[in-house]
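Before any comments, here is the structure.
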Amino acid sequence: MAQQERAIRTRRVILEAAAAVFDERGYEASTISEILERAGVTKGAFYFHFPSKGDLALGVLGEAVTTEGILPQEIKLQEMLDTMLLMAYRLPREPMLSAALRLAVDRNSRHMFGTRWPDWTVLLASLLAEAKARGEAHPYIEEMGIARLLVAAWTGVRVVSEGLPEEYDLPTEVAALLQLLLPSIAVPTVLTRLEISAGRAARLFAMMREGEPEGAGLTERVR
């Protein structure tokens, strides 16, 4: 069991090192030698877990879709918003997530390895479908179409804000995007109960790191 745990830890160390290098240099400019040096592992250990650099890229992309830190909410639309807000807070702070997005938006990498955007679309669509069934969302919305647009808009905000000369806070930008879009999705009585803010993203992140249960900090609604 101890040997298995060491193997799991080693694989994770290699994957995190690869994500950091991919995020800094891009897939094509990154080398296995650089990743080995960053990870501090032997070639044998590396190739035991990842036969090629391409397998590393697939491993990084496999980490892209996560609901870690998302807690069940009374309002399902809030759960969807939390998913998008928390990802906006985590991505600039976690090379694994940032590298996955960089791989997805790079044309060559995308052709080689695909993206996880379809998985994000299905996840958000499932939350939208449940919200519509509960009467939280307008009955005429088409879940997959809306989810696809949300994924595209979220990704666009990240890519564009990163390329501008000014420094932008991604959670604040994503919150502004969602505040603009949600009136077209949520019914008015639910819309007034939703919290769409960078502050909520920060609290979700802190709770995820501390492992605390949902408390009073998330019950306050910011209009």
Side-chain angles (χ1 to χ4, degrees), residues 8 12 15-16 19 60-101 116-138 141 143-144 146-155 157-158 169-223:
I8 292 171
R12 187 68 188 181
L15 199 58
E16 289 179 351
V60 170
L61 284 167
E63 301 283 327
V65 181
T66 174
T67 56
E68 182 184 4
I70 304 301
L71 300 170
Q73 299 293 321
E74 179 184 355
I75 301 175
K76 210 65 182 177
L77 280 179
Q78 184 68 65
E79 203 169 317
M80 183 192 76
L81 293 170
D82 288 352
T83 301
M84 301 177 74
L85 288 168
L86 182 56
M87 181 58 64
Y89 199 92
R90 292 178 62 187
L91 188 138
R93 294 165 173 82
E94 299 182 26
M96 187 74 70
L97 299 176
S98 184
L101 181 59
R116 299 303 301 275
W117 291 331
D119 303 279
W120 274 116
T121 300
V122 169
L123 173 62
L124 296 184
S126 66
L127 293 169
L128 281 168
E130 190 168 350
K132 189 166 77 169
R134 294 182 178 195
E136 300 171 7
H138 294 299
I141 69 165
E143 301 94 282
M144 284 297 292
I146 295 295
R148 186 174 62 253
L149 290 174
L150 287 172
V151 171
W154 192 106
T155 303
V157 167
R158 171 58 176 176
D169 177 63
L170 185 60
T172 299
E173 295 296 295
V174 168
L177 170 73
L178 295 174
Q179 288 165 3
L180 181 68
L181 296 178
L182 257 293
S184 299
I185 299 172
V187 299
T189 53
V190 170
L191 183 63
T192 59
R193 299 170 59 196
L194 298 173
E195 180 181 354
I196 313 172
S197 70
R200 184 177 181 91
R203 295 199 304 276
L204 286 165
F205 183 77
M207 288 168 52
M208 183 183 74
R209 286 289 179 249
E210 295 169 6
E212 294 178 356
E214 184 174 19
L218 290 184
T219 60
E220 179 186 359
R221 301 296 175 193
V222 178
R223 302 288 185 257

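Fair warning: this is a prediction, and the values are worked out from it, not measured in the lab.
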State, to 0.1 Å, how close E143 and I141 come at their nearest heavy-atom pair, and which atoms those are.
OE1-O, 3.5 Å
Looking only at heavy atoms, the pair that brings R134 and E74 closest together is NH1-O, 3.1 Å
Show your reasoning for whether side-chain contact (heavy atoms from CB on, under 4.5 Å) applies to D82 and L86.
CA-CA 6 Å; D82 288 352; L86 182 56; 5.8 Å; no
Using every non-hydrogen atom in the two residues, find where A201 and P171 come nearest and quote the distance to one decimal.
CB-CB, 4.3 Å
Atom CG in L81, atom CD1 in I196: separation rounded to 0.5 Å?
5.0 Å
Set of residues satisfying side chain to side chain contact (heavy atoms under 4.5 Å, CB included) with respect to E63, sequence neighbours excluded
R12, L15, M96
Quick one: does E195's side chain get under 4.5 Å of Q73's, heavy atoms only?
no
Are R200 and Q78 packed together at the side-chain level, in the sense that at least one heavy-atom pair is separated by less than 4.5 angstrom?
yes
The test is side-chain contact (heavy atoms from CB on, under 4.5 Å); show your working for S184 and H138 and say whether it passes.
CA-CA 8 Å; S184 299; H138 294 299; 5.8 Å; no
Answer yes when K76 and E130 have at least one side-chain N-carboxylate O distance shorter than 4.0 Å, and no when they do not.
yes
Ignoring hydrogens, what is the shortest heavy-atom contact between W120 and A64? Give both atom names and the distance.
CZ2-O, 3.2 Å
Looking only at atom types and distance, does a side-chain atom of E136 sit under 3.5 Å from a main-chain N or O of L77, one as donor and one as acceptor?
yes
What closest approach, in Å, do A147 and A125 show between heavy atoms, and which atom pair accounts for it?
CB-N, 3.6 Å
About how many Å separate CD of E68 and CE of M87, when rounded to the nearest 0.5 Å?
9.5 Å
Close side-chain approach of L191 and L194, heavy atoms under 4.5 Å:
yes
What is the distance from atom CG of L71 to atom CE of M208, rounded to the nearest 0.5 Å?
11.0 Å
Once you round to the nearest 0.5 Å, how far does CG of L124 lie from CE of M144?
10.0 Å
Please report the closest heavy-atom contact between R116 and G62, naming both atoms and the distance.
NH1-CA, 3.2 Å
Take V122 and D119, measure what side-chain contact (heavy atoms from CB on, under 4.5 Å) needs, and give me the verdict at the end.
CA-CA 5 Å; V122 169; D119 303 279; 5.8 Å; no
Spatial distance of atom CG (L85) from atom CE (M80) [nearest 0.5 Å]
9.5 Å
Decide yes or no for W154 and L170: does some side-chain heavy atom of the first lie under 4.5 Å from some side-chain heavy atom of the second?
yes
For residues 174-193, which residue pairs qualify under ring pair (Phe, Tyr, Trp, His ring centres under 6.0 Å), counting only residues two or more places apart or in two chains?
none
Euclidean distance, T155 OG1 relative to L150 CG, rounded to 0.5 Å
10.5 Å
Worked verdict on M84 versus L177 for side-chain contact (heavy atoms from CB on, under 4.5 Å):
CA-CA 11 Å; M84 301 177 74; L177 170 73; 5.6 Å; no
